[in-house]
Amino acid sequence: NSSTFSWTGSDPDGTITKYEYREDEGSWVSNGTSTSYTWSGYSIGEHTFEVRAQDDEGAYSNIIIWNFTYAAVEEVPYITWQKCLGGSGLDDGLSIQQTSDGGYIVSGYTGSIDGDVSGNHGDLDFWVVKLSSTGNLQWQKCLGGSSLDDARSIQQTSDGGYVVAGYAHSNDGDVSGNHGNAVDFWVVKLSSTGSLQWQKCLGGSGWDFAHSIRQTSDGGYIVLGSTGSNDGDVSGNHGNYDLWVVKLSSTGNLQWQKCLGGSGQEEGLSIQQTSDGGYVVAGCAHSNDGDVSGNHGNFDFWVLKLTNTGSLQWQKCLGGSGDDGVGSIQQTSDGGYIVAGYTNSNDGDVSGNHANFDFWVVKLSSTGNLQWQKCLGGSGDDGVGSIQQTSDGGYIVAGVTWSNDGDVSGNHGVLDFWVVKLSSMGSLQWQKCLGGSSLDEAHSIQQTDDGGYIVLGSTGSNDGDVSGNHGDSDFWVVKLD
């Protein structure tokens, strides 16, 4: 970490008596009449070096500025272990979290009744799987009824159990209280060993889809999704589908709910409680009225900041004239936000699109102002499912890629997991394709306590990086180190 800066100078009306420099906007330091300087020992991150000249009358010149980023070179991680989970049917892993014992909790849906899967109630069930730290199956649980039930988000709770959210079309088996013939939000609380403690259907007579759940600081839960209802538990729908936020107590009782949107279609996909006790919400907006303003055309990223009681503090549409869709949001260590998804725009807020759909990563300030954005991908379609800030201040991103050019190399076939490591300013540090010759889709990633990464999705492959597939499509868990 050493850089030499060189320059030239002249004064047509006098004589340059000295040059001065400063590092990262610190104090000015004399460099005498030397026209070069070597700066050593700077830290990882963004830096500024400036030089100015002074003449024999004491006047200063304009300042020459160098901006640069120093990033430590990271080795591309390797696969420590991988695990296919499922049966002969359709199984899709959508959410993973490292647990307090060093293992992992995984959720998604299953259409299987064999292999690793037992207890399916019919059609598709929520499927929750507990793994050891090395990927061994410790227990599994099917939850649902005779119809379609799909788990989208899971989190370990403060009591050592788990809360799962998704949507249920059933009204039998484990499911009770469904409000109509469509689907409801379905929230399930499990013990540490997977026993059902309570369940709650939330919604109205329309279609209501939950995508994200988090335990809150008061021991309750915040749930996010979309609603087509305006009855039952739902009030205030603006028209068509609204983003729907629901606050539950620790026992699943509804404390408040909030519809957010306009006359078009909105979808809520990711929520987190923020350091001030409120919430940051990310989804997609097609409206440009009601709660939504600044839409660039078609679907935009839609980011909202709410108070702890659900009042709207600010909202921001991000995108261009194409379709821009959110996968994930997280509050960052500086109090801002990192948002990731996909875009096929190359105007408005979006620049650098490689063709078709790209990964799109956006850094926002604490008040929603765009600080930087980055398109990642190739000539195929590429899209993000998950992003997380890493311990070095950068970001780990996971999604899918159809590309094998541009930023993408090593694609194994049709559709691969694509894992990308970015610096704190969005520079690409490394990328890795994972998969086989069939369809492999990453939905969730987390940095693990050992500094590695755990990735979850689904796979239709049984070659390349993938082994042990049970049939149609399996959960696929990959540990990188």
Asks: For a 4.5 angstrom cut-off between non-hydrogen side-chain atoms, does Ile63 reach Val51?
Replies: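 The answer is no, as the side chains (C-beta and beyond) never meet within the 4.5 Å cut-off.
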Asks: Can you name the closest pair of heavy atoms from Ser345 and Gly322 and give their distance?
Replies: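 Residues Ser345 and Gly322, closest heavy atoms: OG-N, 2.8 Å.
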Asks: Consider side-chain contact (heavy atoms from CB on, under 4.5 Å). Of Val361, Val384, Leu370, Ile329, which one does Val339 pass it with?
Replies: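 Filter result, single survivor: Ile329.
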Asks: Is there a side-chain contact between Val408 and Cys433 in this structure, where contact means two heavy atoms from C-beta onward sitting under 4.5 Å apart?
Replies: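 Val408 vs Cys433: side chains touch.
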Asks: Would you check if the side chain of Gln330 reaches a backbone N or O of Gln389 as a donor-acceptor pair within less than 3.5 Å?
Replies: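 Such a contact is found between Gln330 side chain and Gln389 backbone.
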Asks: With a 4.5 Å heavy-atom cut-off, do Trp402 and Val414 have their side chains touching?
Replies: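 Sidechains of Val414 and Trp402: in contact.
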Asks: Any salt bridge between Lys479 and Asp450, counting N to O under 4.0 Å?
Replies: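 Salt bridge present between Lys479 and Asp450.
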Asks: Are side-chain N/O atoms of Thr38 and Thr4 paired as donor and acceptor at under 3.5 Å?
Replies: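 Their side chains do contain a donor-acceptor pair, which is all the 3.5 Å distance test asks for.
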Asks: CD1 of Ile105 to CD1 of Ile96: how many Å apart, nearest 0.5 Å?
Replies: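 Ile105 CD1 to Ile96 CD1: 9.0 Å, rounded to 0.5 Å.
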Asks: Pick from Tyr19, Phe49, Tyr37: which one makes a ring pair (Phe, Tyr, Trp, His ring centres under 6.0 Å) with Phe5?
Replies: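 Of Tyr19, Phe49, Tyr37, ring pair (Phe, Tyr, Trp, His ring centres under 6.0 Å) with Phe5 is met by Phe49 alone.
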Asks: Taking the side chain as every heavy atom from C-beta outward, state whether Leu364 and Asn369 have any atom pair closer than 4.5 Å.
Replies: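 No - every pair of side-chain heavy atoms lies 4.5 Å or more apart.
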Asks: Might you work through the side-chain hydrogen bond (donor to acceptor under 3.5 Å, both in side chains) test for His443 and Asp92, ending with a clear yes or no?
Replies: CA-CA 9 Å; His443 298 297; Asp92 193 359; 3.3 Å; yes
Asks: Exactly one of Phe185, Phe209, Trp244 should register a ring pair (Phe, Tyr, Trp, His ring centres under 6.0 Å) with Tyr167. Which one does?
Replies: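 For Tyr167, the ring pair (Phe, Tyr, Trp, His ring centres under 6.0 Å) check succeeds only for Phe209.
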Asks: Roughly how far, to the nearest 0.5 Å, is OH of Tyr337 from CD of Gln272?
Replies: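 Going from the CD atom of Gln272 to the OH atom of Tyr337 covers 8.5 Å.
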Asks: Do the side-chain N and O atoms of Thr110 and Asp91 include a donor-acceptor pair separated by under 3.5 angstrom?
Replies: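 Per modelled atom types, Thr110 and Asp91 side chains form a pair under 3.5 Å.
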Asks: Going by distance alone, is a donor N or O of one side chain under 3.5 Å from an acceptor N or O of the other, for Thr343 and Asp358?
Replies: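 Side chains of Thr343 and Asp358: no pair found under 3.5 Å.
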Asks: Look at Lys421 together with Asp392 and state whether they make a salt bridge at an N to O cut-off of under 4.0 Å.
Replies: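 The answer is yes: the pair qualifies as a salt bridge.
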Asks: Is a donor from one side chain sitting under 3.5 angstrom from an acceptor on the other, for Gln265 and Ser287?
Replies: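 No, no side-chain donor-acceptor contact under 3.5 Å.
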Asks: Return yes if a side-chain donor-acceptor contact under 3.5 Å exists between Gln313 and Thr307, otherwise no.
Replies: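 No, no side-chain donor-acceptor contact under 3.5 Å.
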Asks: Side chains of Asp56 and Thr17: donor-acceptor distance under 3.5 Å anywhere?
Replies: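 No, because no side-chain N or O of Asp56 sits under 3.5 Å from a partner of the opposite role on Thr17.
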Asks: Run the salt-bridge test on Glu20 and Arg22 with the 4.0 Å N-O cut-off and return the result as yes or no.
Replies: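 Arg22 and Glu20: not salt-bridged.
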Asks: Go through the steps for Tyr21 and Trp7 under the test ring-ring contact (aromatic ring centres under 6.0 Å, His included), then give the verdict.
Replies: CA-CA 11 Å; Tyr21 69 86; Trp7 59 90; 8.1 Å; no
Asks: Quick one, Asp481 and Pro77 - any side-chain contact, counting heavy atoms below 4.5 Å?
Replies: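 No - every pair of side-chain heavy atoms lies 4.5 Å or more apart.
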Asks: Are Trp476 and Val478 close enough, and set up right, to give a side chain to side chain contact (heavy atoms under 4.5 Å, CB included), and what steps lead you there?
Replies: CA-CA 7 Å; Trp476 191 35; Val478 182; 3.5 Å; yes
Asks: Can we call the ring centroids of Tyr42 and Phe68 under 6.0 Å apart?
Replies: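 Under 6.0 Å, so yes.
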Asks: Could you tell me which non-hydrogen atom of Ala442 sits nearest to which non-hydrogen atom of Gly399, and how far apart they are?
Replies: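 It is CB-O, 3.3 Å.
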Asks: Any donor-acceptor pair under 3.5 Å linking the side-chain atoms of Asp474 with those of Thr459?
Replies: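 No - no donor-acceptor pair under 3.5 Å links their side chains.
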Asks: Tyr109 and Leu94: which non-hydrogen atoms are nearest, and at how many Å?
Replies: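 For Tyr109 versus Leu94, the nearest heavy atoms are CD2-CD1, 4.1 Å.
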Asks: Yes or no on side chain to side chain contact (heavy atoms under 4.5 Å, CB included) for Val281 and Leu224, after CA distance, side-chain angles and deciding distance?
Replies: CA-CA 8 Å; Val281 183; Leu224 173 69; 3.6 Å; yes
Asks: Is there a side chain to side chain contact (heavy atoms under 4.5 Å, CB included) between Ser437 and His412 once you walk through the steps?
Replies: CA-CA 6 Å; Ser437 58; His412 296 78; over 6 Å; no
Asks: Check whether any side-chain heavy atom of Ser351 lies under 4.5 Å from a side-chain heavy atom of Gln373, and answer yes or no.
Replies: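 Result yes, sub-4.5 Å side-chain heavy-atom pair found.
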Asks: Do Ser40 and Ser2 meet the criterion of a side-chain donor-acceptor pair at a distance under 3.5 Å?
Replies: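 Side-chain D/A pair, Ser40 to Ser2: present.
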Asks: Salt-bridged, Asp349 to Lys316, with N to O below 4.0 Å?
Replies: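 Salt bridge: no.
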Asks: Report yes or no: do Glu266 and Ser226 form a side-chain donor-acceptor pair below 3.5 Å?
Replies: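 Note: Glu266 and Ser226 side chains miss the donor-acceptor criterion.
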Asks: Does a side chain donor of either Thr48 or Asn67 reach within less than 3.5 Å of an acceptor in the other side chain?
Replies: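 Note: Thr48 and Asn67 side chains meet the donor-acceptor criterion.
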Asks: For the atom pair CG (Asn469) and CG (Leu85), what is the distance rounded to the nearest 0.5 Å?
Replies: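 Asn469 atom CG to Leu85 atom CG measures 10.5 Å (nearest 0.5 Å).
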Asks: Is the distance between the ring centroids of Trp66 and His47 under 6.0 Å?
Replies: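 For His47 and Trp66, the ring centres are not under 6.0 Å apart.
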Asks: Side chains of Asp416 and Thr401 only: does a donor on one sit below 3.5 Å from an acceptor on the other?
Replies: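 No.
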Asks: With the side chain counted from C-beta on, respond yes when Phe299 and Asp324 share a heavy-atom pair under 4.5 Å apart, and no when they do not.
Replies: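 Counting from C-beta outward, Phe299 and Asp324 never come under 4.5 Å.
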